[in-house]
Structures are given as structure tokens and as C-alpha cells.
Amino acid sequence: MGRRVIILAIMAVLIGTVTLIGCGGDGEATGTLQFHANGEDFVREGFVSKDGWSIDFDHVYVHLEDITAYQTDPPYDPHVTAIIDSDVEVGLPGAYTVDLAEGGEDADPILVGEVQNVAVGHYNAVSWQMEQASSGPAASYSLVIIGTAEKDGESIDFTISIEEEYRYCCGEYVGDERKGIVQDGDTADVELTFHFDHIFGDFDVPLDDHINVGATGFDPFAELAEDGKVNEDLASLQGKLSAEDYQTLVRTLATLGHVGEGHCYCDKQPQS
Amino acid sequence: MANKWKYIICLTFLLLTIFFLPTKAYAHGVDIEYTSSTTIEIVAAYDTGEPMSGAQVVVYAPDDPSTPWLTGTCDDEGRFTFSPDTSKPGTWAVQVRLAGHGDIVHIPVGQDAVASGGSGGYTILQIVLMSVCVIWGIAGTALYFLRRRA
């Protein structure tokens, strides 16, 4: 009788130990990861282009797919490669057409979606596809910019649509705070940032600043206006813009995606 | 019977001693402390080569990645120097920003220590319970064999 009790006790101890070891894994702690899209103040408040056009945006639609956040160690460097070697990755299922101009001047970045019960840790890389939408306000385009530009009493309503698709691979967010650090039971976020000053330039910085040197500005688009309206896509712009302006536009579109102020690797260059 | 229990108690105490008491012994106490200092210098510049003079610098230590460990500014040549706390091995992050432009660089400090110091992920309660279970298992085994011998 006593021997049986001892054997049972030993077995119970072993089972308990194995159970405790099994429960002690790293995968237990989880949190929530949110994905935001941000056109920054340039889109929400409007701005003056490098060539003096005061631009206000009614809508800036981007169509996003394959949005993924990664934990990488060593941290992913977008200056080197598009290959993100990750330990943990979290994908946001679905496709989203987001209006970056939504909500007015004081609006927060747009919440694209969130994934719950993700592994804790630092999501220090993110990638996404900017693809043609199959339906909705950006149908057949990956990017649609709608707004009004004014200069010296002239007003131009413009719609610039981009059908080319891009994949942006980005490292860690660069900004006022560090993002993407998920702790147990808490919510963290990563941000898909879009820099439209790269296309139009920024009147507030010198003309020889690299942002303005590499930007198309708005003059080339204004020259295409008929009855105060511009409505073009990338294919039509290829035939109407000068070769230099078109190539500049093509280059800037590849640099549109950021993470805060952090740059991204664009691994799908548009056809020129 | 009383001898058996003495044996078990002694064995348990011995194991507890092995598990939990420090192994360091002090004779003529000499306490030597040292500081290992590694200075890191970064140079921040735009793609054009123009230095990021006066750029804001934020340094994050690996043990608290959300809270700035150090803040400062680059000098006229875009340089910034700091000495990371070598007791905090891992990947240090240095963020540099100026007028809407910025980047972050990750610098490994004492990475060997990190690679060999992996965390098992157990809570203190789990560790204590596992230790008790192991000790009790050994004691039970000893009791079993003692009983057979008797």
C-alpha cells in the first residue's frame, strides 16, 4: 500500500513538473497590435508646394494589402534589402482602401485594423503592398489624389490617379515615440506613413533642399489643366509630362512610403 | 523509522542548500569593482553628405526600449558621442531627427552576453514549484529504496 502511494506521488510530481515546464513557454504573453495609416499634416491640413501652389486635399485614397509587421533581430535595415528576416510576423488580413485626408486637420492617423493575441515584443519592421483596388473610390488604382491647388488667383481642381503598384519594406518607426512594442495585455501600434511632400515639394524649405530637388512640384500638373481641371493617371501623364518630370514623378512615388520619418525599401519600381 | 526521516530531512536540506544558497565564499574580503566603458560615436548626414548639424538624438537602451536612456544633439559636423552602460547588453538604438528627416541606427553592445543569456520565461512561482517538485521526487525515491532495504 505504502509503495503504491509513493509511486503515485512520484508520478504526480513528474507530471506536475512537466506541466509547469509546458506552461512556461514564451508564447503565453500576448497583446494587441494596431496598424495605422498616416498622410501627416501635409494631407490633413494642406500645404504649399515648392513652386508656390497652395494645395488642399479632399481625398487621398490608398489601397493597401498584405500589411505585415515583423519582429527582427538584428533589426531590419531598409537601406540594404527588401528581404525581411523575421522571428515573428503578424499579418493584417484583408484589403483596405483608406482615405488619408479623412477627418479634417486635427484628425488622428487612420486605424486600418488590428490583430489581437499577438506575441509580445518589438515589431520593428513593417511592409505593405499599395495595389490596384478592385472596387470602391480607388477602383483600378493604387493611389488617387483629389484636391484643389491655388496660386495667384488661379484655382485648379485635380485628380491624379496612379495605377502602378508598389511594395514598401520598412524598418523601425522614426518619430516622437517608439512604436510597435507590444507588452503583455497591452496595445501597441505600427504606422504606415505617406510623404506627399516628396511629390509636390515643400515651399517652407529651401529650393535646394533634397526634398524639393527630387520633387515634381505642381507646375507640371497645372500646365495640363483644361477649364481649371486636371484629371490624369500615370499612363496619360507619361504622354503629357516632359520626360524629366515624368521620371521625377516615377521616382518620388517609389519613395512615398515611410514609417514616420524612417525610409523604406521599395522593391517594385514602376515601369517607365 | 525516525532515522529514515532524519535521513530524508538531511537530504532535503542538503538539496535546498545546493539549490538556493550562494556558492561564493569570502576569506580576506577584497572588493574590486571596475567599469568597462565603450564610447560610441555616430555621424549623421543627409544623403547629399550634408551633416545634420544640431539634430536631435535619442538613445534607447535594450532593457527599456520605450524610454529614452539619453538625449542630446549632434554637433556642427553631425557627430554625437555617448558611452553605453555595458551592464545592459543587447541592441542599443540611436534615433537622429532634424526638421522632418530622421533615421534610426541599431548598435550591438555585448551581444555575446545576450546570446548566451537567454530567458527561460518562467515565473518565480513556477521555479519554486518545480524545485519543490524535484526535491520531493528525489526524497520520494530515496524513501522508496530505504523502505525496500528495510
Side-chain angles (χ1 to χ4, degrees), chain A residues 2-3 5-21 23-29 40-42 72-79 121-122 124 171-181 183 188 195 197 202 204-205 208-211 213-214 258-263, chain B residues 45-50 55-56 58 60 62 64-68 90-108 111 114-115 118-148 150:
Chain A
R3 185 183 297 176
V5 171
I6 292 167
I7 292 171
L8 285 172
I10 291 171
M11 288 179 67
V13 164
L14 290 173
I15 290 169
T17 304
V18 169
T19 303
L20 282 167
I21 291 169
C23 292
D26 289 337
E28 187 178 339
E40 299 194 309
D41 290 344
F42 288 113
T72 62
D73 186 18
Y76 168 66
D77 184 354
H79 301 287
H122 189 186
N124 56 2
E172 185 177 341
Y173 175 88
V174 176
D176 290 334
E177 59 180 352
R178 258 184 139 181
K179 289 183 178 288
I181 301 173
Q183 296 178 323
H195 285 197
D197 56 333
D202 185 355
D204 291 336
V205 299
D208 60 357
D209 186 280
H210 76 280
I211 283 292
V213 170
H258 284 68
V259 275
E261 295 165 11
H263 288 221
Chain B
Y46 295 111
D47 293 341
T48 58
E50 179 189 353
Q56 294 179 331
V58 183
Y60 295 94
D64 186 4
S66 311
T67 308
T91 302
W92 288 63
V94 182
Q95 180 180 266
V96 182
R97 303 170 65 205
L98 180 64
H101 307 295
D103 206 348
I104 190 165
V105 63
H106 301 90
I107 302 167
Q111 282 292 68
V114 169
S119 167
Y122 300 113
T123 65
I124 292 173
L125 176 63
Q126 284 175 325
I127 291 169
V128 170
L129 280 174
M130 280 191 290
S131 300
V132 170
C133 288
V134 169
I135 291 165
W136 176 243
I138 293 169
T141 305
L143 182 64
Y144 170 73
F145 283 110
L146 284 171
R147 194 178 182 88
R148 279 191 68 180

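Just so it is clear, the values below take in all heavy atoms, side chains as well, and ignore hydrogens, waters and symmetry mates. The chains referred to below are lettered A, B, ... by the order of the sequence lines, with proteins before strands, and numbering in each begins at 1. Computed from a predicted structure; not experimentally measured.
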Pick one of side chain, backbone, both or neither for His106(B), based on which atoms fall under 4.5 Å of a heavy atom in chain A.
side chain
Output the option from His79(A), Glu177(A), His122(A), Gln183(A) having the highest count of non-hydrogen pairs under 4.5 Å with chain B.
His79(A)
Measure from the side-chain N and O atoms of Asn124(A) to the backbone N and O of Thr72(A), and report whether any donor-acceptor pair falls under 3.5 Å.
yes
Who are the salt bridge (Lys or Arg N to Asp or Glu O under 4.0 Å) partners of Asp77(A), not counting sequence neighbours?
none
Segment of His258(A) engaging chain B (4.5 angstrom heavy-atom cut-off)
neither
Please check: side-chain N/O of Gln95(B) versus main-chain N/O of Gly175(A), any donor-acceptor pairing under 3.5 Å?
yes
Of all residues at least two apart in sequence or in a different chain, which pass the salt bridge (Lys or Arg N to Asp or Glu O under 4.0 Å) check with Asp41(A)?
Arg44(A)
With only heavy atoms counted, which part of Asp176(A) is less than 4.5 Å from chain B, the side chain, the backbone, both or neither?
both
